[in-house]
Colleague: 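Have a look at this one.
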Amino acid sequence: MHLQPPAAASSPLLKNLNPEQLAAVTAPAEAALILAGAGSGKTRVLTTRIAWLMQTGQVSPGGIMAVTFTNKAAKEMLTRLTAMLPVNVRGMWIGTFHGLCNRFLRAHWKLAKLPQSFQILDASDTVSAIKRVIKAMNLDEERFVPKQVGWFIAGCKEDGHRPGDVVAHDEQTRKLVEIYANYDDQCQREGVVDFAELMLRSYELLRDNAAIREHYQQRFRHVLVDEFQDTNKLQYAWLKMFAPPDSRSGQSLIAVGDDDQSIYAFRGARVGNMADFEREYRVQQVIKLEQNYRSHGHILDAANELISHNSQRLGKTLRTDAGQGEPLRVYEAASDFAEAQWLLEELQSLYRGGLVRQEMAILYRSNAQSRVIESALFNAGIPYRVYGGLRFFERAEVKHALAYLRLLENPNDDTSFLRVVNFPTRGIGAKTLETLQDLAKASGRSLYQSVSAVPGKGGANLVAFANLIDSTRNLTQGHTLREIIEQVLATSGLMDFYRTDKDGAERVENLEELVNAAEAFVTQEGFGKDAVALPVDEVAEAGTPGATPDAETGEIMSPLAAFLTHAALEAGDNQAQAGQDAVQLMTIHSAKGLEFDAVFLTGLEEGLFPHENALSAHDGLEEERRLMYVAITRARKKLAISFCQTRMLHGQTRYNVKSRFLDELPETSLKWLTPRNQAGGMGFGSGFSRDYASAWERGSGLKSMVGAGRVEQKAAWVEPPLPPSLRQKVSEEHGGLRVGKGVFHTKFGEGVLLTLEGSGTDARAQVNFGRHGVKWLALSVAKLQPID
DNA sequence: GGGCGCTTCTTTTTT
DNA sequence: AGAAGCGCCC
């Protein structure tokens, strides 16, 4: 044990910390790995450590860097920190990886070879930029799907590879690398960077410029990283630039993470970074936060038992002082429709019991599952909120407006140019644009710079467009951000377009909301005196060798440029009827980091969860299990799990086997609401008739209520499966086997019968054996036993 | 240039 | 089933 300064021991900050938390908060200023289980007070530990370090005079605000993945987490940290300690957060670097990279590149734009007001491409901008490259190269979009090319490029960048570093063994890859190279050139020409580029560019600058690197190493004494299990290769390398292993300058890098909650390997996260970190930094002691302050006992028991089925773990078991609480409720529904109906009942009963809707969450593995649930909630008049989907700054009308704004800042941004050059339409067609692009390409200029070279009517229209941009820029010179945006909405014709559009009302609202958002941004960021988002960070700039501070010119980044950056870096909220007490619907992925009193975990079916596509991926099943672990640990008091015998997916009915994850939960913590079925498959036995009858009754009842006013919802209703009487007719001839019913095979075990075909010796059956897959069997050979 | 209809796809996603 | 993108035709 190291000695603590006396002031520290008595600090009120350290009150009420458990021993492990205390150890983490007051860990010596070196590398440390904190394994923080779900609900173990991770954010509290992080913020308290920062506060404690400053309070005990071990570091000044300028010496702190804390990195998170989401803006939400970063904000949370700042909020808590300022509540703990009256501190000037201005000098601290607290933010997302990308946010901090942006800050870094804004300060060193010249060395990074970027224009001062470079703009950031979001995911869809990136795809359209790539599309243009593929088109320009005359390549087939079938063979080079822009989105996939995007993954490839992002993947390369996240491995730290520039086009020249990629080893291509086949023709396809060689072409991909070529696209990558052209794409990078195009971005550079247009003065834009994508998300991965933000990281890579900062990393390279740090790597290649010793003076800058050393400056930042001197500056940041304490680097703290949240959700370390989600970092990719590049992010880890980037962190090492700030706080290298074996650092003689005595910095402290603290990684906080939970390997059991690593659910983003599919997009490049490397859990292995945790083990690498431990080794490379010679971490003396891994601090485990295993005391859980969130969930009741049964819930934790279930989580612990489930995750123990994973082999590759650093090892950690959550415990709680709260009581056992209620066991997990498990419900088997006849159909996805019936599952939704059951959810309604459960939600209503909780609501009557006094629980607010905000505290109820319905989680699912894939977005497609939400539809049935949504229509049930909608028709029952229960307010709900769906996370995911389009976010504010991603809406088409908002992106159009932003494109105009970006052109004011940088007319050479071809992506933005193409987006709005003919929207609203101004007589500039594909032909004209083709000519323009050819000319631009030939002369190495931007589209904007080439407008006057295009002959004819189209050319004239293009010049008019360029003039429109120029005059708007002149017109808004020296105006407030609000005025600029209002002006752009007017002169571009966007507002008029949507006003006259028959269903443009919502879009008009969103454009008005954009003005509000800009107003709020200006106020929050306090433009004029204390702007946190300002690119120029005096602390960083002062004495940074090679820095190109705006002090040279006295210029600061314009509010517009800053707002555009903000829009790209923070896509804003999803459509949310904020303020209303609503049930929360979301995928398990988006539930990470959240918690609710009551959680409904739906669709626990083989093929859906674990998802069939995940099983083929390396480590896929274990990642799915971690996902299940994340889902379980979202619940504080009540957790219910449901699965369906049949589900409509991609337009056809699927017969499912219950998820293997259900078998990995401790029996003693479960309370089955439906008879626990003997078969892995469930069959339409006793349980079915009852479920079916009630689902049908309610279904038809609701249907008649749907009536005229809500036609659009009607289509979303899923019919309950055929009545059992009908089903039996289909298959009586095959010794009691029935479609949709459970069967037993001596080798493959339990399954659900999907199809019966042919007769006599020719009879075949298709059976879903869950983890053994879907198989065709000859009935004359296979011994299939019906299960009731 | 706009609208209609055909095809294709459908795990998870932040920045 | 349903959305979204794409291409064709007016």
Side-chain angles (χ1 to χ4, degrees), chain A residues 67-74 95-102 120-128 131 141-142 145-147 151 154 157-158 193-199 227 230-232 234-235 262-269 336 363-369 371-372 375 387-391 393-394 396 422-433 458 461 565-572 574 586-593 603 607-617 620 623-624 626-628 630-631 647-654 712 715-719:
Chain A
V67 201
T68 64
F69 271 86
T70 64
N71 291 301
K72 204 174 151 208
T96 63
F97 276 102
H98 296 88
L100 295 183
C101 284
N102 174 57
I120 299 163
L121 302 181
D122 70 12
S124 68
D125 296 331
T126 305
V127 171
S128 41
K131 243 185 214 165
E141 280 197 25
E142 298 263 280
V145 183
K147 214 169 164 187
W151 293 340
K157 291 188 180 182
E158 280 161 12
V193 295
D194 62 31
F195 288 131
E197 186 70 24
L198 280 173
M199 291 284 334
E227 306 276 16
D230 287 337
T231 52
N232 61 36
L234 178 58
Q235 284 158 339
S262 156
I263 56 174
Y264 285 112
F266 74 92
R267 63 165 198 225
D336 47 355
L363 307 184
Y364 34 81
R365 172 70 237 266
S366 64
N367 284 306
Q369 288 167 253
R371 179 159 287 112
V372 195
S375 65
Y387 284 75
L390 265 200
R391 321 223 331 237
F393 287 113
E394 291 166 357
N422 200 33
F423 192 95
T425 51
R426 33 180 85 89
I428 299 167
K431 201 87 208 150
T432 307
L433 287 177
N461 289 339
T565 298
H566 165 81
L569 241 30
E570 206 168 333
N574 301 311
M586 66 193 85
T587 63
I588 301 169
H589 281 92
S590 30
K592 189 172 169 210
L608 193 62
F609 193 20
H611 198 280
E612 52 205 352
N613 295 356
L615 297 181
S616 53
E623 177 145 321
E624 292 288 296
R626 292 192 289 269
L627 196 51
M628 177 75 180
V630 168
R647 174 179 296 278
M648 277 298 256
L649 205 63
H650 310 325
Q652 48 189 351
T653 307
R654 298 190 10 160
E712 76 281 5
W717 282 112
V718 176
E719 295 285 330

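Within every chain, numbering begins at 1; the chains are lettered A, B, ... in the order of the sequence lines, protein sequences first and strands thereafter.
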Colleague: How would nucleotides 8-15 of chain B be written as a contact map, 5' to 3', with B for base contact, S for sugar-phosphate-only contact and - for no contact, using protein heavy atoms under 4.0 Å?
Modeller: --BBBBBB
Colleague: I'd like to compare against my own output: the B/S/- annotation of nucleotides 2-7 of chain B with a strict under-4.0 Å heavy-atom distance to protein.
Modeller: S-----
Colleague: Between protein and nucleotides 3-10 of chain C, map the contacts as a letter string: B base, S sugar-phosphate only, - none, heavy atoms under 4.0 Å, written 5' to 3'.
Modeller: ---S----
Colleague: Using salt bridge (charged side-chain N to carboxylate O under 4.0 Å, His left out) as the criterion, list what pairs up with Asp125(A), not counting sequence neighbours.
Modeller: Lys399(A), Arg406(A)
Colleague: If I pick the P atom on dA4(C) and the same atom on dT13(B), what distance separates them, to the nearest angstrom?
Modeller: 16 Å
Colleague: Who are the salt bridge (charged side-chain N to carboxylate O under 4.0 Å, His left out) partners of Glu141(A), not counting sequence neighbours?
Modeller: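 In terms of salt bridge (charged side-chain N to carboxylate O under 4.0 Å, His left out), with neighbours along the sequence ignored, Glu141(A) is linked to Lys135(A).
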Colleague: Only counting residues at least two apart or in another chain, list the ones meeting ring pair (Phe, Tyr, Trp, His ring centres under 6.0 Å) with Phe97(A).
Modeller: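 Phe97(A): ring pair (Phe, Tyr, Trp, His ring centres under 6.0 Å) contacts with Phe69(A), Trp238(A).
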Colleague: Applying side chain to side chain contact (heavy atoms under 4.5 Å, CB included), can you list everything that pairs with Arg426(A), at least two apart in sequence or on another chain?
Modeller: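 For Arg426(A), the residues satisfying side chain to side chain contact (heavy atoms under 4.5 Å, CB included) (neighbours in sequence not counted) are Tyr404(A), Asn422(A), Pro424(A), Ile428(A), Phe465(A), Leu468(A).
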Colleague: Pick the C1' atom in dG5(C) and in dT12(B), then give their distance to the nearest Å.
Modeller: 22 Å
Colleague: What residues, two or more places apart in sequence or in another chain, satisfy side chain to side chain contact (heavy atoms under 4.5 Å, CB included) together with Thr587(A)?
Modeller: Tyr364(A), Asn367(A), His589(A), Ser590(A)
Colleague: When we call it a touch if two heavy atoms are under 4.0 Å apart, what does Ile428(A) touch: a base, just sugar-phosphate, or nothing?
Modeller: sugar-phosphate
Colleague: Sequence neighbours left out, what passes side chain to side chain contact (heavy atoms under 4.5 Å, CB included) with Ala265(A)? Give chain and number order.
Modeller: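 Only Glu623(A) meet the side chain to side chain contact (heavy atoms under 4.5 Å, CB included) criterion with Ala265(A).
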Colleague: Under the rule for side chain to side chain contact (heavy atoms under 4.5 Å, CB included), what residues qualify as partners of Ala568(A), not counting sequence neighbours?
Modeller: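 If we apply the side chain to side chain contact (heavy atoms under 4.5 Å, CB included) test to Ala568(A), skipping adjacent residues, the hits are Ile120(A).
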Colleague: Is a donor on one side and an acceptor on the other found under 3.5 Å between the side chain of Thr68(A) and the backbone of Thr70(A)?
Modeller: yes
Colleague: Sequence neighbours excluded, which residues qualify as salt bridge (charged side-chain N to carboxylate O under 4.0 Å, His left out) partners of Lys131(A)?
Modeller: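 None.
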Colleague: Who passes salt bridge (charged side-chain N to carboxylate O under 4.0 Å, His left out) against Glu624(A), sequence neighbours left out?
Modeller: Arg365(A)
